[in-house]
Structures are given as C-alpha cells and as structure tokens.
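As the structure lists them, so they are numbered: ligands from 1, and atoms in each ligand from 1.
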Amino acid sequence: MKDDVIGDYLRELLKKLQDNSEGEVAAYIPELAAADPEPFAVAFCTNEGQVYAEGLREGDAEREFTIQSLSKPFAYALALKEEGLEEVARFVGVEPSGEAFNELSLDKATKRPMNPMINAGAITVNQLINGEESSVEDRVNKILEFFSDLAGRQLRIDSDTCDSELETSDRNMSLAYMLRSYGMIQDSAEDAIVSYVKQCSIMVTVSDLAMMAATLANGGVQPRTHKQVCSRRVAIQVQAVMASAGMYNAAGRWMASVGLPAKSGVSGGIIGTLPGRLGIAAFSPKLDEAGNSVRAKRVFEYLDRDMGLHLMAPEKQGRVAVRSISTVEDDQTSGGSQGKRTVIRLQGDIDFNACEKIWRTIQEHDFESENVTVDLEKVDEVNSVGKRMIGEFRDRLVRNGMKIEIVDPDEVLS
Ligand code: GLU
C-alpha cells in the first residue's frame, strides 16, 4: 500500500499558508534581493533518518538556496569539536544579546562576542576552525566537509552569492576590525570575512537542513549514515544556544510561542530541533522585521500546534509504571510464609518519574514473604537513570532481608 499520510499533511499545510505574502526579501545582498520570493518548502527528518520533504510548487522542495546564518550553529559545532568547550568559551559567550544580528557589540567585561548566533560571534567562531595558521581555503574546505557530513551528501558553495555579498560587506568588515582590535581574531579583516561569507554561501535544500538539524537532535549521530559527526555534548551545547539566541532579537518570543531550539537565516530558512526526535526545516524568502521568514515561521507555529512540539509542554506519561503487585503461592519454597512470593510487575518506559512511583509503591506494600520477583516482561525501555535506580532498589531490598529475582526476558536492563 502506498499512502503518504505525512506528505499529504505537509502539502496541506503549505497550501493553507500560501496566500501569506507578508514580508520582504533580504535586500542587502544583491543576489538575494534578486531571488525569486515565492518558493515555499518544508522538510523533517526523524531520528531514524526518514526524510519527508514537500514544496508548494514543482521543484520547491528540491530547490537549493544559500545557508546564510543557518550555518552558524553548525560552524559552532565544528569549532567545539576541534577546540573543546572551554577553549571556544574563551572567545565567544553563550548569552542572548537581544540585539540585531549584525550589531557592533561585545560583552562589556570580557570583550567576547555575546554568542555564536550573531555575526560578531559567528565571525570569531569561523576563525577558530582549523587552527589560527589555517589558510582561508583550508578552513572553508573543512567547514564544507563537516556540513556535507551533517547533510549526508556533498554540498557546494555558490560563488555568485558569495561574490555579491563580499561587495556589500562593510558592516561585517567593521565587525572584523573590531574583533581584531580586541585580539579575538588573528586573520586580516578581509580574510576573516571572505572565510565567513563563503561559509554563508554553502548551498542547501530543506531536506539537507532537516537532516543537519536531525543530527544535532540525535546527539551528533547522522541519522541516515550513522556517522558520529560531533559528540553528544557538542550537540547539546549547540541546541542550548540555539534555544536562547537562535532567532535574532525575537528569540524570547520564539521560545515562548514555538518552544524549540531554532535558527533562522536571511535567505529565508528556519531550522528547528526536537531533541531526541526530529530535525525540521522550512524555507520561504520573505522576512519579517526581525529577519525571520514569515511563512517558515508560520509553518513552525502550525507544526507545533498540530504535533505538540513545544519543549515546555511534554506529553503526559501514558502508563503507570507498576502494573500490579501481588502475593502468589510459591512452589519453589515450602511451608508458612516461605511458601509465598511477592510479584512486582512493571510496564512501559522506566525513567526517573517511573522509579519514584515504583519505590513509593514498594514501600507502601505489606510484604508477606522475603521472596520477591520483579517482572520486567512488559517493560519497553529503561533509561540510564532507570537502570541505576533499579540497581539501587535491588540492593536496598536485599539489605532489608529480601531475596530478589529479576525476570528480564528482553534484557531491557542490559
Ligand atoms: N551572510 C549574512 C551576513 O552575515 C548572514 C546573515 C543572516 O543570515 O542572518 O550578513
């Protein structure tokens, strides 16, 4: 049977929003100003590497556009991977700036850029990649290869957009001079901006972006190629900074309304991650006054409403962890209380909350025998806290004189 329920939903969504023609395309890069304002596409990638991509018009879903500021979280990931969290933190902070993306601002005390999602921070991060001595070419190649690993295919740079942006880079040049004056970057201002603008000119589709975002959501493992592209710790760090500073000076409003780590860029893309589950990308070039794509933003708002993505509104836990607790006749032992056995049957996913409930139930129970069976047959999964806590429960029951038998046919504890 071939019936694309998710594709149909995404196509419906694009159609619902197609009449929204608000906003303006970014005008400060001539090549972007001349771009078709109409493309509209959305994609998401699951933690199993399944990609769903749809476009409003023929070709929209496969359309390539320059990554622009959506490169910032991924370049930050590469710098963290190469230099480590502490070293990178010497050059760029993790606090939201609340200012426009290209503001000439630095942390007053440390002179570091406030975060890697604004231009001052992104130019600094770009310079950390491949070491101080790197040529522009080697640095850019390193970035291109890393982004290609994240996307799971070879990406390329669009030299027309790059050249076009380099002709209108006065603001970014002034940022580079400012960063140089405080010793935050070592290259000439010109080289630093060429390197940064090339990073911004890497071409991607919504599917590429969904997969790149899904790699972050998946703890650094590319969900299709299974390559560990960056460490889990790096993936967490990047998404945390996206959550607080990814949406220009609308980051607070975004977190309150949509509630996902996200990043947007002037070419009209927005990416979001649902940690552990999904990478999402939407694209349409017209931007609102904060620089975020109007239609892409609406896509995220709808997805959030329909799929319940908001991190602060997790689904309620479905099943209680203790399925039953009962006393049965025990044929392995004989006579008096020796002939009885308490059977504790657990079920569902065992995490911290489940364990708290399990322990409370155990303590309230009147044990008729020291023989106890903990039956995990109906348990789906035990997370790392769950495993530690079940081990602790077993030790404590033994210390209280119980004889414990654990039935774990599917080896959920191992
Ligand atoms: N290349 C652009 C710049 O630095 C990226 C800006 C953006 O996407 O926000 O001006």
Write out the residue and atom name of the closest protein heavy atom to atom 6 (C) of ligand 1, then the distance separating them to 0.1 Å.
Ser69 OG, 3.2 Å
Looking only at protein heavy atoms, which one is nearest to atom 4 (O) of ligand 1, and what is the separation?
Tyr196 OH, 2.6 Å
Please indicate whether any nitrogen or oxygen in [X] is less than 3.5 Å from any nitrogen or oxygen in ligand 1.
| X | value |
| --- | --- |
| Asn172 | yes |
| Cys200 | no |
| Gln68 | yes |
| Lys72 | no |

Part of Glu165 with heavy atoms under 4.0 Å of ligand 1, whether side chain, backbone, both or neither:
side chain
Which segment of Asn119 sits under 4.0 Å of ligand 1 when only heavy atoms are counted
side chain
Let me see the working for Glu356 and Arg360 under salt bridge (charged side-chain N to carboxylate O under 4.0 Å, His left out), right down to the final yes or no.
CA-CA 6 Å; Glu356 186 275 338; Arg360 220 160 7 104; 2.8 Å; yes
Compare all side-chain heavy atoms of Ile67 with those of Phe147 and state whether any distance is below 4.5 angstrom.
yes
Tyr177 and Ile193, any side-chain heavy atoms less than 4.5 Å apart
no
At less than 4.0 angstrom from any non-hydrogen atom of Gly265, what atoms of ligand 1 do you find?
8 (O)
The atoms of ligand 1 lying under 4.0 Å from a heavy atom of Tyr28, numbered in the order shown, are 2 (C), 3 (C), 5 (C), 6 (C), 10 (O)
Does the side chain of Glu62 pick up a donor-acceptor pair with the side chain of Thr205 at under 3.5 Å?
no
Between Tyr196 and Asn119, do the side chains contain a donor N or O and an acceptor N or O under 3.5 Å apart?
yes
Quick one: do Leu309 and Leu303 satisfy side-chain contact (heavy atoms from CB on, under 4.5 Å)? Show the steps, please.
CA-CA 7 Å; Leu309 304 178; Leu303 288 178; 3.9 Å; yes
Determine the minimum heavy-atom distance between Ala79 and Leu128, stating which atoms define it.
CB-CB, 4.3 Å
